[in-house]
Colleague: 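This is the structure, below, for whatever I ask next.
Since the model is a prediction, treat every value here as computed from it, not as a measurement.
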Amino acid sequence: MEEIGRDNGILLDESFDEFNKVAEAVEMKKVKLDELLSSEERYLEDLEKISLIYEEVKKTKEDKNHPISMPPELSEGRDLMVFGNILQITDFHKRIFTKGLRNANNDTDNILELFRKREGDMKIRYGKYCINHPVSDLIVNQFQDSYFNKIDSHLGQEMRLVDQLFKPVQHIMQYDLFFRELVKCCEMAGQEEEAEKFRECSKIVGEINLHANNMMAAGRIDKFYGGITKQGELIHRGPVFCKLPSKRSLFSRSKLAAKLEAAHIFLFQKCVIVCYSSERITEMGPTDEYLFWHQFLINKMQVRDIAGGSKENEFELHDMNKESTTPGLSLTITTTTMEEKRDWVKKINNEIHSLESLKSALGNPKSALGNPRKTSVVQM
């Protein structure tokens with residue numbers, strides 16, 4: 001009997017421990033949800049501070065009696081580039097997103113619905129902000145000592161503008177951290193259904209972060225003067241190699257050798273931009289750098305899918321634009337795998353086909369409905 005009582009006591013202790021773990025997980029979940037909202041509220045306050053700085057900068061440009069004068073090099077439009085679309089982001093959070101998170105009342109379904117509904121809005125706003133941020137960062141650092149430090153002191157700002165302007169980039173990444181922690185809390189509490197909903201939230205913000213990161217990379221393209229924000233949505237990007245013919249020795253009888261140049265391709269709705277790619281070591285670690293090489297307009301280019309032999313990982317981009325700086329240019333692209341090559345060819349041609357279909361539909365709607373789209377791939 002004593003042994004049975006001891007066993008029952010052990011079971012009760014184990015049950016009590018399990019109950020405590022579940023209770024702690026439920027409480028931690030509530031804490032994390034409260035932190036998610038409080039973080040959002042603080043972020044809105046940060047955005048409003050940046051908006052105040054924007055207004056003050058505007059005054060130094062328009063008010064000749066202002067104690068701080070805007071440098072002439074900044075007043076010709078570069079001042080607007082500093083802030084990008086920060087006012088639109090502030091307005092979005094104030095009217096819609098922060099308000100929506102507040103009204104969700106820590107309810108999992110309401111939070112998931114908010115992120116589902118606003119995913120596209122956040123991609124557009126943060127994508128636009130991130131593509132401008134590298135230029136903004138460069139301008140602010142250039143005028144930090146001579147101008148922006150004076151603005152910060154005048155407004156009593158404790159944090160430098162360059163650091164404040166990085167907060168939108170940081171904040172969208174923090175959502176994923178909260179949702180990953182909430183998934184763990186739900187799993188420990190045995191709330192698998194809620195855990196799955198927070199996993200979906202994490203997936204949504206992961207897509208937003210990926211888009212923002214890609215746009216940030218596009219914003220670092222140097223020497224491209226066509227207006228990166230005017231190229232439409234960034235569909236895909238990635239590292240490749242471009243095959244360049246190298247000079248043959250005067251005494252060599254061998255065939256012309258080819259040199260592989262590290263490159264990076266950005267596929268937009270309106271064009272394909274090929275860049276030279278290199279890596280620079282900074283205080284923050286290694287940073288990829290992109291130097292503009294060539295732009296292929298989607299409506300004036302051709303893709304040649306090279307097949308067979310040692311060329312299975314290669315495809316060619318042909319510039320059909322007669323007004324191009326180098327009309328008739330052809331670049332041979334080499335990928336690491338055949339799958340990468342196929343993916344690039346498919347994605348580029350999808351954009352070519354979409355534009356062809358749109359032009360056909362606008363020009364002759366009835367004909368566009370009845371005729372299949374022509375392919376732009378040439379198999380060799």
Colleague: Of the non-hydrogen atoms in Asn313 and Thr336, which two are nearest, and what is the gap between them?
Modeller: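 For Asn313 versus Thr336, the nearest heavy atoms are ND2-O, 3.3 Å.
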Colleague: Mind checking whether Tyr290 and Phe266 have ring centres under 6.0 Å apart?
Modeller: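 Centroid distance Tyr290-Phe266: below 6.0 Å, so yes.
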Colleague: Show the nearest heavy-atom pair for residues Ile273 and Gln295, with the distance to one decimal.
Modeller: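 Taking every non-hydrogen atom into account, CG1-CG, 4.4 Å.
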Colleague: Run the salt-bridge test on Arg220 and Asp288 with the 4.0 Å N-O cut-off and return the result as yes or no.
Modeller: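 Salt bridge absent between Arg220 and Asp288.
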Colleague: Do the side chain of Ser39 and the main chain of Leu36 share a donor and acceptor less than 3.5 angstrom apart?
Modeller: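 Such a contact is absent between Ser39 side chain and Leu36 backbone.
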Colleague: Which label fits Phe83 and Tyr54: parallel for a plane angle under 30°, tilted from 30 to 60°, or perpendicular past 60°?
Modeller: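 Because their plane-to-plane angle is over 60°, the rings of Phe83 and Tyr54 count as perpendicular.
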Colleague: Could you tell me whether Glu73 and Arg78 have a side-chain N and a carboxylate O separated by less than 4.0 Å?
Modeller: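 Salt bridge absent between Glu73 and Arg78.
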Colleague: Check whether any side-chain N or O of Ser357 sits under 3.5 Å from a backbone N or O of His353 as a donor-acceptor pair, and report yes or no.
Modeller: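 Checked: pair present.
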Colleague: Salt bridge check: are Asp163 and Arg160 linked by an N-O gap of less than 4.0 Å?
Modeller: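 A salt bridge is present here (some side-chain N lies under 4.0 Å from a carboxylate O).
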Colleague: Ion pair present between Asp79 and Lys61, side-chain N to carboxylate O less than 4.0 angstrom?
Modeller: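 Salt bridge between Asp79 and Lys61, a charged N being under 4.0 Å from a carboxylate O: yes.
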Colleague: So, are Arg42 and Glu45 salt-bridged, with charged N and O less than 4.0 Å apart?
Modeller: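 Salt bridge absent between Arg42 and Glu45.
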Colleague: Keeping the roles fixed (side chain from Thr60, backbone from Val57), state whether a donor-acceptor pair exists under 3.5 Å.
Modeller: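 Between the backbone of Val57 and the side chain of Thr60 there is a qualifying donor-acceptor contact (under 3.5 Å).
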Colleague: Verify the distance criterion only: is there a donor paired with an acceptor across the side chains of Gln88 and Tyr129 at less than 3.5 Å?
Modeller: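 No, because no side-chain N or O of Gln88 sits under 3.5 Å from a partner of the opposite role on Tyr129.
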Colleague: With no hydrogens and no angle check, do the side chains of Glu194 and Thr108 hold a donor and an acceptor under 3.5 Å apart?
Modeller: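 Thr108 and Glu194 do have a side-chain donor-acceptor pair below 3.5 Å.
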Colleague: Say whether Glu316 and Gln302, considering side chains only, have a donor N or O and an acceptor N or O under 3.5 Å apart.
Modeller: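 Per modelled atom types, Glu316 and Gln302 side chains form no pair under 3.5 Å.
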Colleague: If I compare all heavy atoms of Gly127 with all of Met215, which pair ends up nearest, and what's the gap?
Modeller: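 So the minimum-distance heavy-atom pair works out to O-CB, 3.4 Å.
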Colleague: So Phe115 and Phe97, ring-ring contact (aromatic ring centres under 6.0 Å, His included) or not? Walk me through it.
Modeller: CA-CA 9 Å; Phe115 276 88; Phe97 199 80; 5.1 Å; yes
Colleague: Hey, is CE on Met216 packed in by over 12 heavy atoms from elsewhere, all under 6.0 Å?
Modeller: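 Counting neighbours around CE of Met216, more than 12 heavy atoms of other residues, nucleotides or ligands fall under 6.0 Å, so yes.
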Colleague: Looking at Glu192 and Arg199, does any basic side-chain N land under 4.0 Å from a carboxylate oxygen?
Modeller: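 Yes, charged N to carboxylate O under 4.0 Å.
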Colleague: Could you tell me whether Glu119 and Lys123 make a salt bridge, using a distance below 4.0 angstrom between a side-chain N and a carboxylate O?
Modeller: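 Result for this pair is yes, salt bridge flagged.
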Colleague: Within the structure provided, determine whether His154 and Glu56 are in side-chain contact (heavy-atom separation under 4.5 Å).
Modeller: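 Yes. Closest side-chain heavy atoms under 4.5 Å.
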Colleague: May I ask you to decide whether Asp91 forms a salt bridge with Lys94, counting only side-chain N to carboxylate O separations under 4.0 Å?
Modeller: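 A salt bridge is absent here (no side-chain N lies under 4.0 Å from a carboxylate O).
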Colleague: Report the C-alpha distance between Lys197 and Glu200 in whole Å, list the side-chain angles of each, state the deciding distance to 0.1 Å, and finish with yes or no for salt bridge (charged side-chain N to carboxylate O under 4.0 Å, His left out).
Modeller: CA-CA 5 Å; Lys197 291 173 184 176; Glu200 186 174 345; over 6 Å; no
Colleague: So that I know where these two stand, are His133 and Phe166 an aromatic pair - ring centroids less than 6.0 Å apart?
Modeller: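 When the ring centroids of His133 and Phe166 are compared, they turn out to be within the sub-6.0 Å range.
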Colleague: Can you confirm whether more than 12 heavy atoms, excluding those of Glu279, are under 6.0 Å from its CD atom?
Modeller: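 Atom CD in Glu279 is crowded, with more than 12 foreign heavy atoms closer than 6.0 Å.
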Colleague: Is a side-chain N or O of Ser136 found less than 3.5 angstrom from the main chain of Val82, in a donor-acceptor match?
Modeller: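 Flag set: sc Ser136 to bb Val82 pair under 3.5 Å.
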Colleague: Which atoms form the tightest heavy-atom contact between Phe148 and Leu74, and what is the distance?
Modeller: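 Minimum heavy-atom separation between Phe148 and Leu74: CZ-CD2, 3.9 Å.
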Colleague: Please report the shortest heavy-atom distance between Thr90 and Ser51, naming the atom on each side.
Modeller: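 Closest approach of Thr90 to Ser51, heavy atoms only: OG1-OG, 3.3 Å.
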Colleague: Indicate the atoms forming the closest heavy-atom contact of Leu329 with Phe296, along with that distance.
Modeller: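 Looks like O-CE2, 4.1 Å.
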Colleague: Just checking, any donor-acceptor pair under 3.5 angstrom between side chains of Asp34 and Asn106?
Modeller: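 Yes.
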Colleague: If you measure from the Lys or Arg side-chain nitrogens to the Asp or Glu carboxylate oxygens, is any gap between Arg102 and Glu41 under 4.0 Å?
Modeller: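 Counted as a salt bridge, because a side-chain N and a carboxylate O are separated by less than 4.0 Å.
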Colleague: Looking at Glu261 and Cys242, would you say the former's side chain and the latter's main chain have a donor-acceptor pair under 3.5 Å?
Modeller: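 Judged by distance alone, no pair lies under 3.5 Å.
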Colleague: So, are Lys341 and Asp305 salt-bridged, with charged N and O less than 4.0 Å apart?
Modeller: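 Counted as a salt bridge, because a side-chain N and a carboxylate O are separated by less than 4.0 Å.
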Colleague: Report yes or no: do Tyr147 and Val162 belong to one cluster of Ile/Leu/Val/Met/Phe/Trp/Tyr joined by side chain heavy-atom distances under 4.5 Å?
Modeller: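 Yes, Tyr147 connects to Val162 through the hydrophobic network.
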Colleague: Using a 6.0 Å cut-off, check whether atom CZ of Arg180 has over 12 heavy atoms from anything other than its own residue.
Modeller: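 Counting other residues, nucleotides and ligands, CZ of Arg180 stays at 12 neighbours or fewer.
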Colleague: Anything under 30° is parallel, anything over 60° is perpendicular, the rest tilted; go ahead and classify His171 against Tyr43.
Modeller: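 Rings of His171 and Tyr43: parallel, under 30°.
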